Each structure stands twice: as structure tokens, then as C-alpha cells.
Amino acid sequence: MALDRLFTYEVPVELLGKVRVGQLLRVPFHGRIARGFALTLSDEPPTFATKPVMSIEDESPFFSPALLQLVKWIASYTASPIEVVLKTAVPASVLKPSARPKELLFVEPTGKSAELTKHQAELLADIVRVGGGWMQQLLKEFKTSPSTIRALAQKGCVSIAPRVSRRDPLAGRSVVPTQPLRLNDMQARALDTIFSGSGENAASPRPVLLHGVTGSGKTEIYLQAIGRLLERGKGAIVLVPEIALTPQTVRRFAARFGDKVAVLHSALSDGERYDEWHRIRTGEARVVVGPRSAIFAPVANLGLIVVDEEHDPSYKQDETPRYHARDVAVVRARLEGARVVLGSATPSLESWLNAKEGKYALASVPARVAGRSLPDVHLVNMQEELERAGHVPIYSSLLLDAVKSRLDRGEQTILFLNRRGYSRVLDCPECGWVAECPDCSVPYTYHQADRCLRCHVCGGWAHLPSDCPICHAKDLSYSGVGTQRAEAALHACFPRARILRMDADSTSRKFSHDDILSAFRAGKADVLLGTQMIAKGLDFPNVTLVGVLNADMSLNRPDPRASERTYQLLAQVSGRAGRAEKPGEVYIQTFQPDAAAIAAAAKGDYATFAAGELVDRHDAYFPPYCRLSTLLFRSKADALARDWADLYARSLGEWAKKVNDAANAAVFRVSEAAEAPLSKADGWFRYHVVLRTPTAKAAVDAVKWLRSARPAPEALRVSFDVDALNLM
Ligand code: ADP
Ligand code: ZN
Ligand code: ZN
């Protein structure tokens with residue numbers, strides 16, 4: 001339970017001058033010992049009684065003054081308790097009282113000679129030759145016993161002492177060092193913009209939006225910008241979407257900067273995370289690569305923050321504090337006088353508008369490196385396929401022909417299936433019944449592997465029914481296409497093709513994501529078939545064909561950004577084709593070839609798409625022309641959630657009326673209380689209210705007022721999501 005309160009303590013005489021802002025302290029708290037961060041120091045004694053700080057847990061502060069300021073900004077901008085933000089900013093594994101560096105025994109020759117047996121003398125010679133080493137390794141390497149090494153220590157020839165041993169997340173993975181490439185003119189100009197266009201001497205340089213098509217060499221630009229800043233003694237943070245944070249990506253940075261790179265991602269062990277974090281804190285690592293939470297990395301003398309694929313929705317945290325790492329990056333850069341580069345082939349409209357309005361500098365790289373062309377994109381009208389075949393085929397004949405020619409030529413194909421809502425659903429053709437999870441308002445998905453029905457929201461499952469529970473018809477049907485079925489259908493067409501499938505079901509093991517990609521890269525398969533997971537950042541030279549099985553699903557979602565998401569998805573997926581010398585081809589199967597997002601994606605014309613979409617957003621008063629936030633009401637009791645959503649919506653409506661009257665314009669808009677698109681999850685009923693406001697603060701102020709004026713009962717969960725991306 002968050003307290004959302006700050007407490008005041010006295011610095012006792014013996015700690016005077018030692019307590020610093022950002023340190024972790026031990027303090028008395030309600031009869032026990034608690035740990036807390038020092039947030040501010042004051043010379044003014046308070047008017048109330050205080051207890052003294054007991055001790056300093058760690059001399060060096062966990063938060064620099066700038067990071068603390070950032071934390072405070074997030075707390076107020078997301079309306080979250082500051083302690084929750086503090087906890088988000090430091091990994092739990094670092095704060096655990098038991099967390100400490102791993103120490104191993106290290107054996108080092110002393111240079112002293114002594115009377116030795118032949119066996120001892122040989123061993124000593126070996127140890128001297130390799131310059132000493134970890135006890136465990138020496139034992140293995142020289143097939144000796146601990147007692148023999150200890151005998152050498154007793155005679156003073158070697159010393160044995162514990163030494164910190166780094167738990168290296170990249171250990172055992174070979175990294176071949178790389179040198180900076182010769183930039184082409186467009187890349188060089190973009191690099192210039194990062195350094196000069198953004199105001200070389202300004203106290204806080206303007207953020208740079210790097211708009212570069214897929215394969216235009218954005219990563220090389222990041223690498224060279226970082227290289228330049230390292231020479232000036234500065235550090236850098238590189239954010240990448242979690243899903244793109246494969247060892248492949250990390251290797252590109254490690255290959256250029258070696259041990260100066262620290263990796264932070266969710267698959268690290270506690271020990272690895274502890275060590276990486278401390279390598280950052282001590283300055284040993286100067287370049288941090290990680291997902292959104294890496295924005296809090298304690299890099300001193302920060303020179304640059306890169307947000308790669310800045311449009312990616314995974315930068316938004318979907319629990320308290322609901323921050324967006326791209327926005328936090330911009331604010332942190334400003335606080336620390338650092339540069340910030342937001343890179344994407346398909347920028348968010350928020351960033352695009354900022355660039356249009358001159359708040360960001362724009363650097364464009366409109367072509368691929370080395371004269372490689374963007375792929376040819378073909379739209380396949382599935383309406384025509386339906387008329388021709390009498391049913392909707394999973395694969396159009398055009399796409400199948402294209403796959404076949406790749407198989408013949410020994411080139412590779414990626415097939416993409418946006419599975420959401422399009423998995424295999426069990427229904428009754430007689431009465432229309434659909435097998436649904438009783439706890440969530442979503443259909444079950446049929447899983448062939450274990451022959452059962454699974455809920456993708458709560459993870460629950462059920463046996464396959466033998467007949468319809470409503471009308472008892474026997475012939476239930478499976479509609480929709482899931483990755484498993486798409487795989488089976490492709491196999492039926494090309495029995496000899498080697499197909500790899502990648503989705504949430506095939507990648508549950510820790511490294512299998514990377515294993516699958518490595519196998520594909522090594523040419524061990526002809527076709528990679530998968531969900532969103534394969535849409536991002538992957539670079540396979542031998543892929544010359546990309547097929548999108550159904551482009552419409554993401555277009556039809558109840559989300560004001562559905563068009564934008566569809567464009568992004570199609571452009572990203574298409575970008576996987578033809579990245580090396582061989583040109584690429586893309587087939588997009590759709591029922592809506594004329595939809596703006598799909599037509600523009602086929603031409604690779606982001607600017608035209610963005611211009612049209614901005615007009616629509618402006619007319620409809622949607623972001624980036626307003627700030628959109630949601631209030632979500634969840635309860636096990638349907639009526640309770642609905643009634644409170646209603647009550648909040650009405651109160652906010654009254655608040656909005658006052659704001660709008662004063663502004664003489666409808667700038668503050670409140671929706672009616674409504675069932676959320678995901679109306680039930682895990683047995684919780686869900687209602688929401690959507691706010692559109694001129695500033696984020698306008699929404700935060702209204703909600704803060706309402707929360708204190710109308711505190712919700714225990715049985716109700718109300719969550720507030722400022723600048724919401726997910727309206728489900
Ligand atoms: P992006 O991040 O924009 O998708 P990458 O940085 O991955 O593009 O570059 C695509 C490929 O082109 C990579 O294999 C990269 O090594 C190569 N590349 C990048 N810049 C150059 C350059 N200036 N000269 C030659 N090859 C380059
Ligand atoms: Zn039925
Ligand atoms: Zn469920």
C-alpha cells in the first residue's frame with residue numbers, strides 16, 4: 001500500500017555533513033527500522049518533533065539531484081505516489097539488503113620463491129604463466145587440488161583472496177569488435193543535426209527526431225554519436241523496445257564499445273542486474289542499453305539519450321507509475337543538458353507534430369544504405385480472393401506463388417500474422433454461440449498442441465466441448481486463423497519447406513526467442529512465421545519476401561490510434577524484406593486496400609499518411625491536438641463499477657463545464673461512463689471514462705480533486721492513465 005507521504009527526520013550530530021540527498025538511510029518508523037531515500041535537506045528545524053536518522057545504508061547516493069527531480073516530475077505528471085516512482089527507478093535486486101557483489105577466490109602469484117616439490121613447482125610455473133586466475137578455473141585447467149594451491153600460498157608464492165567477479169549477461173557470447181563505418185551523406189547530415197542542428201552550445205539542446213526508413217542506417221548513426229560523446233567523457237542511454245532487445249541488438253553496441261556497455265533487461269538474473277547497475281553507478285559502464293526502465297540508469301555526465309523505435313507502445317508502462325519512457329527521456333535530457341534522439345521509420349504523430357512545429361529538430365534519412373531499394377509492396381485484395389475461391393483463403397494465390405519462387409531460389413520468407421482477435425475461435429454455426437472465457441469477455445483460443453481452449457487474458461483453460469452447450473449441435477467450427485493453423489496450411493502447400501513459428505507459445509523458454517532467430521539467420525529454415533514479435537528491428541540479409549496475412553485486424557480496433565498503428569506495423573514488417581543486396585518484395589493481404597493507412601504503407605509514404613491523419617485528429621480533437629487520459633473502474637461487482645464510473649463521469653462533466661465556460665471553448669471533454677472494450681477480465685468488470693484535455697495537468701488536477709472529494713470504496717479499483725495509449 002502506497003503512503004504517498006514524505007516524512008521528516010533529524011540528522012544527528014554524528015551524521016552532520018555526511019547525509020546527502022539521494023542516499024538510502026535507515027530510520028525509525030512506527031517502532032521498527034525502515035529504509036528511505038533522503039529527498040531534501042533543510043537547515044530549518046520543523047515545528048513538530050522529529051526522530052533522528054539511524055544510519056546511512058550506502059554512502060554513494062542512489063539518485064543524483066537531477067534524477068530526483070525527474071522522479072518528482074513523473075510523480076506529479078502521472079499522479080502517482082512518489083515512493084512508487086522511486087521504486088520503479090531503482091531495480092529491486094539492487095535495493096535488496098542481501099544484494100551484494102559476487103566474490104570468488106582469486107589466486108595471484110606473488111613473485112616470491114621458496115623450496116617446492118616438483119609437482120608444486122610445475123603448478124606454480126603454470127599459474128605464473130597465465131598470470132593467476134580464479135581458484136575454480138585453475139583447479140579445472142591444471143587438474144589440481146585446492147590443497148596443492150593452498151600449499152603454495154602457505155609458502156608465500158601465491159596469494160589467495162576473494163575478489164569481485166562480474167556476472168556478465170553477455171558472457172560466453174562471442175562479440176567481434178567493429179569500427180565506425182563511413183557514413184553516407186544523409187547519415188552524415190543527420191549526425192550533424194544531432195550535434196549542431198540541435199544547438200551545440202545551447203544549455204539544453206533541442207530533441208532530434210531522426211526519421212529514417214528501415215535499413216537507412218539509424219543504428220550506425222547512434223553508434224557514432226555515442227562514440228563522439230564518449231571521447232568527451234560523457235555517457236549515453238539507448239532505449240529499445242523490450243521485444244527488440246535481443247542479444248543481436250545488444251551485440252551491435254558491445255561490438256563497438258566493449259566493456260563500456262551495460263545491458264539492462266527483464267531476462268537478467270538478480271545478480272547480473274546488480275552488477276550491471278553498479279558498473280553504471282561507478283562509471284565503469286558508460287553506455288546503457290535497455291528497455292523503458294533503463295531511462296532511470298544512474299549514468300553520470302549524461303551526454304545522449306537515444307530512443308529507438310520511439311513510436312513503440314511498449315515504452316508506456318501499463319501500471320503505476322504510467323510513464324512514457326520517450327517523454328521521460330526528453331525531460332531527463334533537458335534536466336541534464338543532454339542530447340536526445342528519437343529514432344523511427346514511422347514516428348508517433350506526437351513527435352511528428354513536435355518536429356513540424358519546430359519543438360524538435362528533424363533529421364531525415366529517406367533512403368536505405370548502399371543504394372539498396374525499399375521493397376516493392378503489393379496489395380492483395382482479399383475480397384476478390386473470396387469471390388474467386390468462395391471462401392477466404394489463408395494464403396492468396398499471389399502470395400503462394402511468391403513463396404514458391406523463394407523456395408526455388410533458396411531465399412527466405414517472413415510471414416506475419418497479426419494474431420490479436422484472429423486466433424482460432426470455437427463457435428456454433430447453428431446458433432452462433434462462441435466459446436468464451438467465463439472470467440473475461442474474450443473468446444477462448446483453440447490450441448492444437450494440447451487440444452484445449454485457452455484464454456489469452458487470464459491464462460485459464462477449458463476442455464473442448466463435444467457439442468454446443470446451447471443448441472447441442474454436433475458440428476462446432478473453428479473460425480479465424482491462428483499462427484498454428486497458418487503453419488499447418490503452409491506445410492500442406494509446401495511439405496518440404498522448413499518453417500519456423502514464433503509466437504508467445506513457441507517462445508516461453510528464456511532464450512528460445514534468440515534461438516529461433518539465430519536458426520533462421522543461419523539459414524536453417526526457409527520461412528519464419530509469427531506474430532508482432534517478428535515485426536521489429538530484425539535484420540536478415542537473405543529475406544527477400546514478406547507476407548502480411550491479414551492487415552485489417554489492427555485497423556478495426558476501438559482505438560483512436562488504430563490507423564497509425566496499422567501504418568507502423570505494415571511499414572515495420574515490410575522493412576524486414578530486402579535488407580541486403582537482394583531486393584525485397586512484400587505482399588499485404590487486406591479487405592480494405594483503399595484505407596489510408598494501408599494504401600500509404602504500400603507506397604512507403606509516411607509524410608502523406610501523417611498529414612492526412614493529422615487533419616483527422618485535429619478535426620476530431622484527438623491527440624496530438626489534445627491529451628487523452630482514461631479512468632478505469634474495476635470491481636468484482638458489475639453494478640459497483642458501473643455506478644462509480646457514472647458518478648465520476650458526471651462530476652468530471654461539471655468540472656469540464658466550468659473549464660470550458662472560462663475558456664469559451666470545448667477544450668475539456670469527458671466521455672460517458674462506458675464498458676471498456678475489454679469489459680471483463682479475470683472476473684473483474686471494467687468500465688471507463690475517457691478525458692480529452694488541453695494539457696495533461698488539466699486532467700491530473702481534475703482527477704486529483706475527484707479522488708479526494710469522492711474516495712472510492714475498498715471493493716473498487718480506480719486507475720488513472722494520463723496520456724493513455726491503450727484504451728482496452
Ligand atoms: P536501421 O537501424 O535504420 O534499420 P541499420 O543501422 O540496422 O539500419 O543499418 C542497416 C544495415 O546497413 C546494417 O547491416 C548496417 O551495418 C549497414 N550500414 C549502416 N550504415 C552503413 C554505411 N554507412 N555503409 C555501409 N553499410 C552501412
Ligand atoms: Zn449452438
Ligand atoms: Zn480469462
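One-based numbering, in listed order, for ligands and for the atoms of each. Please read all numbers here as calculations on a predicted model, not as lab measurements.
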Measure the distances from the heavy atoms of G215 to every atom of ligand 1 and state whether one is below 4.0 angstrom. yes
Under 3.5 Å, is there a donor-acceptor pair between the side chain of K316 and the main chain of L725? no
Below the 3.5 angstrom mark, is there an N/O of T214, backbone or side chain, next to an N/O of ligand 1? no
Without hydrogens or angle criteria, can the side chains of H311 and S344 be said to hold a donor-acceptor pair below 3.5 Å? yes
Which atoms from ligand 1 have a heavy atom of L183 less than 4.0 Å away? 23 (N)
Close side-chain approach of Y360 to L342, heavy-atom, < 4.5 Å: yes
Which segment of R182 sits under 4.0 Å of ligand 1 when only heavy atoms are counted: backbone
Region of R252 that comes within reach of ligand 1 [heavy atoms, distance under 4.0 Å]: side chain
Looking at the Zn ion (ligand 2), is one of the N, O or S atoms of H472 less than 2.8 Å from it? no
For K474 and S466, indicate whether the former's side chain and the latter's backbone hold a donor-acceptor pair under 3.5 Å. no
Is the shortest side-chain N to carboxylate O distance from R252 to E220 below 4.0 Å? no
Does the N or O separation between V369 and ligand 1 drop below 3.5 Å for any pair? no
Tell me which part of L181 gets within contact of ligand 1: side chain, backbone, both or neither, using heavy atoms under 4.0 Å. side chain
Indicate whether the side chain of S348 and that of E564 have a donor and an acceptor atom separated by less than 3.5 Å. no
